[in-house]
Colleague: 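Below you will find the structure I want to go over with you.
What's counted below: heavy atoms across the whole structure, side chains too, no hydrogens, waters or symmetry copies. Predicted model, so just to flag it, every value in this text is computed and none were measured.
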Amino acid sequence: MNKKPIISCRDLSVHFPIGGGLFERKQFVRAVNNVNLSIPQGSFFGLVGESGSGKTTLGRAFLRAVPITHGEINYSDGEKDYDLVDLPKKQLKEFRKRAQLIFQDPYAALSPRMTIRDIIAEPLEVMNLTSSREETDELVREMAHKCRLNLEHLRRFPHAFSGGQRQRISIARSLVSNPRFVVADESVAALDVSIQADVLNLLKSLQSELGSTYLFISHDLSVVAHICDMVAVMYLGQLIEVAPTRELFSAPRHPYTQALLSSIPNLDPDHQSDAQKLKGEIPSPTNPPSGCKFHTRCHYVVEHCKVVEPLLEHPESSHDVACHRWEELMNIKEIPVANLA
């Protein structure tokens, strides 16, 4: 995908201080550490990894919703590029009119004291995107229709709706301002499988209609395979592999990605599981291991991996990997092909 990036980061790090009391040494949780990533305009970009790998923090860093320790975040509005880290407060406010977040738990994100009309209209009113109540109501009705909500729903309160309906309300609120960049953080994780499919198809159709770009954060690899154009795999605050979806799922290069894909359940009852079990737990982000961060759990670790940290290499323009031995491993072992069906 050769489209110009709508948003990208360079050497981006987000560290959260912990401790630091009178007799304590100040430590830092390295939630995101020296990440380089570009998200093409109009793409549905997936971000996967274990819990605690830094996916949510990276997504919120792109929205400037967490403090940035160091690095750059560059955003293109189609005419001019901006460094979001050093952006003045007034311009940052303008950026947030075109960047939105879809939360994981829609019920917690919706005020129980507001009607659905007021919830969807809130971004328009707060950001002064409309000049009259009539214009606001028109946009609210239009977006509610696109998200398959009936007009009578606008007079009700969130408690009157099911989980899938609440998520559609949350999506309507996020997209009513016509954002160019949307972070969907585990936005279907709390829904039943059948409802997940409905919400995913809604997101995809709205993307085609509105021309938005999505960063889709998920731990469900089957969902990512279904909806995303490209996928980035994250481990302990760092990106270890980035590739087009079909290429990543059919020929993963990093041992961690291979283990992740081998864990996807198969619906065939006679299928013999060949899941690769990773030893140990993900290391602490306050004290990450030296060298390759994955070496403490890798089946193919050598001494070089423990000392030298691999960079995210670009052996091909579309498939990046951070592993010293990826080429050797691709030649000596058959990589299992993930089922995209």
Colleague: Using distance alone, with no hydrogens and no angle criterion, decide if T130 and T136 have a side-chain donor and acceptor under 3.5 Å apart.
Modeller: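 Note: T130 and T136 side chains meet the donor-acceptor criterion.
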Colleague: Are L206 and I171 packed together at the side-chain level, in the sense that at least one heavy-atom pair is separated by less than 4.5 angstrom?
Modeller: yes
Colleague: Might you point out which heavy atoms bring S170 and I102 nearest each other, and give the distance in Å?
Modeller: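 Heavy-atom minimum between the residues: OG-CG2, 4.3 Å.
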Colleague: Looking at residues at least two apart in the chain, or sitting in another chain, which of them share a salt bridge (charged side-chain N to carboxylate O under 4.0 Å, His left out) with R10?
Modeller: none
Colleague: With a 3.5 Å distance limit and no angle check, can you tell me whether R166 reaches the backbone of F161 through a side-chain donor-acceptor pair?
Modeller: yes
Colleague: Taking all non-hydrogen atoms of both residues, which atom of T245 and which atom of C228 are closest, and how far apart?
Modeller: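 Answer, listing the atom of T245 first, then C228: OG1-O, 2.7 Å.
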Colleague: Could you note down all residue pairs passing side-chain hydrogen bond (donor to acceptor under 3.5 Å, both in side chains) where residues 155-165 supplies at least one of them, sequence neighbours left out?
Modeller: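 Residue pairs with at least one partner in residues 155-165: S162-Q165.
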Colleague: Going by ring pair (Phe, Tyr, Trp, His ring centres under 6.0 Å), name the pairs with one or both residues in residues 91-132, residues two or more places apart or in two chains.
Modeller: Y75-F95
Colleague: Please answer whether the main-chain N or O of L175 pairs with a side-chain N or O of Q100 as donor and acceptor at a distance below 3.5 Å.
Modeller: no
Colleague: Charged N to carboxylate O under 4.0 angstrom, D198 versus R168?
Modeller: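 Salt bridge present between D198 and R168.
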Colleague: How close do A61 and V14 get, counting heavy atoms only, and between which atoms?
Modeller: CB-CG2, 4.0 Å
Colleague: Anything under 3.5 Å between a donor and an acceptor, one on a side chain of residues 281-288, the other on a protein residue two or more places apart or in another chain? List them.
Modeller:
residue: S284; atom: OG; partner: T286; partner atom: N; Å: 3.2
residue: S284; atom: OG; partner: T286; partner atom: OG1; Å: 2.6

Colleague: Kindly write out the residues that satisfy side-chain hydrogen bond (donor to acceptor under 3.5 Å, both in side chains) with D81, not counting sequence neighbours, or none if the list is empty.
Modeller: S76
Colleague: Looking only at atom types and distance, does a side-chain atom of S38 sit under 3.5 Å from a main-chain N or O of P5, one as donor and one as acceptor?
Modeller: no
Colleague: For S51, enumerate each residue passing the side-chain hydrogen bond (donor to acceptor under 3.5 Å, both in side chains) test, keeping only those at least two apart in sequence or located in another chain.
Modeller: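 Counting only residues at least two positions away or on another chain, S51 forms no side-chain hydrogen bond (donor to acceptor under 3.5 Å, both in side chains).
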Colleague: State, yes or no, whether a side-chain contact exists between H15 and S13 at a heavy-atom distance under 4.5 Å.
Modeller: yes
Colleague: Please confirm whether the backbone N or O of E247 pairs with a side-chain atom of H319, one donor and one acceptor, at under 3.5 Å?
Modeller: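 Checking the backbone N and O of E247 against the side chain of H319, no donor-acceptor pair under 3.5 Å is found.
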Colleague: Whether the side chain of D320 engages the backbone of V242 through a donor-acceptor N/O pair (distance < 3.5 Å, no angle test) should be reported.
Modeller: no
Colleague: Please check: side-chain N/O of H295 versus main-chain N/O of S290, any donor-acceptor pairing under 3.5 Å?
Modeller: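 Yes, because the side chain of H295 sits within donor-acceptor range (under 3.5 Å) of the backbone of S290.
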Colleague: Measuring from L47:CG to S218:OG, what's the distance to the nearest 0.5 Å?
Modeller: 9.5 Å
Colleague: Side-chain contact test, heavy atoms from C-beta onward, threshold under 4.5 Å: evaluate it for I73 versus L12 and give yes or no.
Modeller: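 In contact.
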Colleague: Side-chain contact, heavy-atom cut-off 4.5 Å: F62 with L215?
Modeller: yes
Colleague: Test: side-chain hydrogen bond (donor to acceptor under 3.5 Å, both in side chains). Region: residues 202-214. Which pairs qualify, not counting sequence neighbours?
Modeller: K146-E209
Colleague: Show the atom names and distances, to 0.1 Å, of all donor-acceptor pairs under 3.5 Å that link a side chain in residues 118-125 to residues at least two apart or in another chain.
Modeller:
residue: D118; atom: OD2; partner: T115; partner atom: OG1; Å: 3.3
residue: E125; atom: OE2; partner: R117; partner atom: NH1; Å: 3.4

Colleague: Mark yes or no for whether D229, through its side chain, and F44, through its backbone, hold a donor-acceptor pair below 3.5 Å.
Modeller: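 At least one qualifying donor-acceptor pair exists.
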Colleague: Going by side-chain hydrogen bond (donor to acceptor under 3.5 Å, both in side chains), name the residues that satisfy it together with T257, two or more places apart in sequence or in a different chain.
Modeller: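 Expected list: E241.
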Colleague: Are any side-chain N or O atoms of N150 and backbone N or O atoms of H153, one a donor and one an acceptor, separated by less than 3.5 Å?
Modeller: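 No.
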Colleague: Any side-chain heavy atom of V32 sitting closer than 4.5 Å to one from M234?
Modeller: yes
Colleague: Quick one: does R253's side chain have a donor or acceptor within less than 3.5 Å of a partner on L248's backbone?
Modeller: no
Colleague: Report yes if some heavy atom in the side chain of N74 is under 4.5 Å from a heavy atom in the side chain of I7; otherwise report no.
Modeller: no
Colleague: Quick one: does any side-chain atom of S174 pair with a main-chain N or O of L101 as donor and acceptor, under 3.5 Å?
Modeller: yes
Colleague: What pairs of residues pass the side-chain hydrogen bond (donor to acceptor under 3.5 Å, both in side chains) test when at least one of them lies in residues 85-95, not counting sequence neighbours?
Modeller: E94-K97
Colleague: Do the side chains of Q167 and S187 get nearer than 4.5 Å, heavy atoms only?
Modeller: yes
Colleague: Please output the side-chain donor-acceptor pairs of residues 303-310 that fall under 3.5 Å, not counting sequence neighbours, one pair per line with the distance.
Modeller:
residue: E309; atom: OE1; partner: K293; partner atom: NZ; Å: 3.3
residue: E309; atom: OE2; partner: Q238; partner atom: NE2; Å: 2.8

Colleague: Which heavy atom of D77 sits nearest to which heavy atom of R180, and what is that distance?
Modeller: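 Taking every non-hydrogen atom into account, CA-NH1, 3.3 Å.
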Colleague: Does atom NE2 of H299 have more than 12 heavy-atom neighbours from other groups under 6.0 Å away?
Modeller: yes
Colleague: Which atom pair, heavy atoms only, marks the closest approach of R98 to S177?
Modeller: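 Taking every non-hydrogen atom into account, NH1-O, 3.0 Å.
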Colleague: I217 and side-chain contact (heavy atoms from CB on, under 4.5 Å): which partner among V183, V48, V224?
Modeller: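 Checked V183, V48, V224 against I217; only one passes side-chain contact (heavy atoms from CB on, under 4.5 Å): V183.
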Colleague: So do L37 and F45 actually touch side chain to side chain, heavy atoms under 4.5 Å?
Modeller: yes
Colleague: Please enumerate all residues that pass side-chain hydrogen bond (donor to acceptor under 3.5 Å, both in side chains) together with Y256, with sequence neighbours excluded.
Modeller: E50
